[in-house]
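Since we're looking at a predicted model, the values are computed, not measured. Just so it is clear: chains get the letters A, B, ... in the order the sequence lines come, proteins before strands, and each one is counted from 1.
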Amino acid sequence: MSLLAIIGEALRALRLNRLRTGLTMLGMIIGVAAVVLMLAIGQGAQTMVNQAISSMGSNLLIVVPGATSSGALRSGSGAVQTLTMSDAQAIASLPSVKATAPLITGTAQLNYGANNWSTVVTGVTPDYFEVREWAAESGALFTEADVRSATRIAMLGQLTARNLFGDEDPTGKMVRIKNSPFLIAGVLAVKGQSLDGRDQDDAVFIPITTGQRQIFGNQFPGTIRFLMAQAESAEMMEEAEAEMNQLLRQRHRVAEGMENDFTVRNMAALTAVATGAAKVMSIMLGAIASVSLLVGGIGIMNIMLVSVTERTREIGIRMAIGANRRAILLQFLLEALVICILGGLAGIAIGIGGAWAVSEAVGMVVVITFGTVVLAFAFASGVGIFFGFYPARKAAALKPVEALRYE
Amino acid sequence: MTPLQNPASNPLIKVESLCKIYSLDSGAAGNGNGNGNGNGNRNGTVNSQVLFDVSLSIHRGEFVAIMGHSGSGKSTLMNILGCLDTPTSGHYWLDGSDIASLSDDELACVRNRNIGFVFQGFNLLKRMTALDNVATPLLYAGVNRSDSRKRAQALLHQTGLGKFAAYQPNQLSGGQQQRVAISRALVNNPQLILADEPTGNLDTQTSREIMEIFQQLNREHGITIVLVTHEDDIAACTGRLIRLQDGRVVHDAEVPA
Ligand SMILES: Nc1ncnc2c1ncn2[C@@H]1O[C@H](COP(=O)(O)OP(=O)(O)OP(=O)(O)O)[C@@H](O)[C@H]1O
Ligand SMILES: [Mg+2]
């Protein structure tokens, strides 16, 4: 009997037993699709976190006013205004610190012609862009000279630029911030989401002095909202943290045994937490997916085993009319293979489609790796082929009479 | 090439001192039928001997009926003759070849080419059409699909089922199913047809029609036929009657015409 004839026989058997074929395939499809989808979401979350972390800038420390116990990063910082520009300069001269970026923030409305857009206005020094590793995409960053003379000049984030200017190039145009005209020096490159889920491109940056004097009026002169410091290297993070603590205690005249009136946050620790959380989520989704795969596998197994009686008799009949072992084994192996390959491919397609739908619907990043697809496919196929083929192997080892009599 | 290719002078079937012993777990061996010779042994199994020293020869062109009480071993003997089962001891030569010397694949080939087996319960493949059922042995013989379908159609026509080629077994009557099974048994032109109570599930009229087919095959095509039956008038259609009783041949003679 030729291979072609056996393939034909296997396909015919699958077609004639539509329900059994369909149910077995369903097990494959559910198992594979669930794994592909879950792992795509889990790995997507990890990628998103990693992107947010790398968009933050490297070796960052953040100093906020207020004690650790009395408030968190943002809520406490408005109330106490203990950090000053000269604190920032002092920190910048520490040996372990490469650069510092003091900043003040507030929200304000921007107008360009008939368009307006409310966004976060941040007053910074040019060092900010260095610390954040953030370049201008068009135009040029403003300079120390602009900070010294408190020029009305602004850098736009991508989203703000798009919302105010559409397809126009904003560089060189004038925009009104709180009704004061500002020259647009340039547009910053895309930065994406931050760890707390904010769109960092929805922003506008002006010289910190301009902000202090002209936009955020009632600010104590020289105070800042918080400051970012970049350590010389990853290894020097802790050293920088210690030095900064010591320096600021000195400068703020915090007595021995008293609590700090500021807080230094090491961003490396924060990113470690975020990465860990994303990993846990990924593992959990993976666990759920494994359960789906197991359930799918058990489904396949059940269908295959339930039909063993019928199929054993079928094997008996086929042997009685002249099928040899090879022909029977090949037929059953091919049947199992076809089910697994078709079901697996459908499962992969549905998993990828589902992942795409999720990313469209909730804007999540999804990542599908070759490894997860192969893993899901291999497991489900393994189960399908084993339970499709193994009983057939046993039946084909019987004498024809025994297979015919099997109940 | 078939495993059997011996001079025509041999008997087609020759069995010598055939014995068949079934081993059962003692729990399952009720022995309620009373004619199995149960022998317990130490490791918890019961051996029950079903065939005792059966010897017989059947020549080409013969039409033989095997009769005997229920449980006398008729089906057991037929299954051995059909190479569906193996004897516990004794010899079986089919067309001069010692069956014990053949490999599994060669036995499959013998079942495919040399023997057509007809069962009491038809044993058709479910959900396959009558045509595909009849054509399947040809596929195992390596005949291509279109030729095998043509030949299957011709045989269905010959057994009066030309119109039912596309029907599935569960859409056919018992008599029609048995005709499909007979067509299937004939499809590879075997020298030998073995039929175990082929009319056992059929009414008298249908049984007569089936017997006419067998008689015609024997008379006009020279096919050797061995069939098991419980009915005297079916046995009367054949040329020779063998009676089994408790696994032994107790009668073997020509049927008076
Ligand atoms: N697989 C088996 N295992 C154990 N005992 C068996 C097996 N098959 C048949 N027997 C026993 O062998 C004996 C003969 O069985 P067999 O089927 O050959 O009888 P039979 O003559 O064909 O009867 P019937 O006319 O009812 O078909 C019975 O006692 C039966 O219980
Ligand atoms: Mg019987």
Checklist entry - Of all heavy-atom pairs between A:I321 and B:N112, which one has the smallest distance, and what is that distance? => result O-ND2, 2.9 Å
Next on the checklist: I need the B:N123 CG to A:R313 CZ distance, nearest 0.5 Å.
Outcome noted: 6.0 Å
Checklist entry - Looking at A:V401, A:N17, A:L404, which makes the most heavy-atom pairs under 4.5 Å with chain B? => result A:V401
Checklist entry - So how far is it from A:L16 CG to B:K126 NZ, rounded to the nearest 0.5 Å? => result 13.0 Å
Checklist entry - Highest number of heavy-atom pairs under 4.5 Å with chain A: which of B:L125, B:L124, B:N144? => result B:L125
Item to check | Neighbour count above 12 (heavy atom, 6.0 Å) for B:D104 CG | outcome: no
Checklist outcome for this item: Interatomic distance, OG@B:S103 vs CZ@A:R325, rounded to 0.5 Å, equals 12.0 Å
Checklist entry - Can A:E310 and B:R127 be counted as an ion pair, charged N to O under 4.0 angstrom? => result yes
Checklist outcome for this item: In terms of heavy-atom pairs under 4.5 Å with chain A, the winner among B:N188, B:L84, B:N79, B:T86 is B:L84
Next on the checklist: Counting only heavy atoms from other residues, nucleotides and ligands, does the tally under 6.0 Å from NE2 of B:H157 exceed 12?
Outcome noted: no
Next on the checklist: Checking the side chain of A:N324 only, and the main-chain atoms of B:A108 only, is there a donor and an acceptor separated by less than 3.5 Å?
Outcome noted: no
Item to check | Heavy atoms of other groups near A:M364 CE, more than 12 under 6.0 Å | outcome: yes
Checklist entry - Is any NZ, NE, NH1 or NH2 atom of the basic residue among B:D132 and A:R12 found under 4.0 Å from an Asp or Glu carboxylate oxygen of the other? => result yes
Next on the checklist: With a sphere of 6.0 Å drawn around CZ of A:F389, does it hold more than 12 non-hydrogen atoms of other residues, nucleotides or ligands?
Outcome noted: yes
Next on the checklist: Just checking B:H221: does its NE2 atom have more than 12 heavy atoms from other residues, nucleotides or ligands closer to it than 6.0 angstrom?
Outcome noted: yes
Next on the checklist: Counting only non-hydrogen atoms closer than 4.5 Å, does A:L4 touch chain B with its backbone (N, CA, C, O), its side chain (CB onward), both, or neither?
Outcome noted: neither
Checklist entry - Is a donor on one side and an acceptor on the other found under 3.5 Å between the side chain of B:R111 and the backbone of A:M319? => result yes
Checklist entry - For the atom pair CD1 (A:I328) and OH (B:Y140), what is the distance rounded to the nearest 0.5 Å? => result 5.5 Å
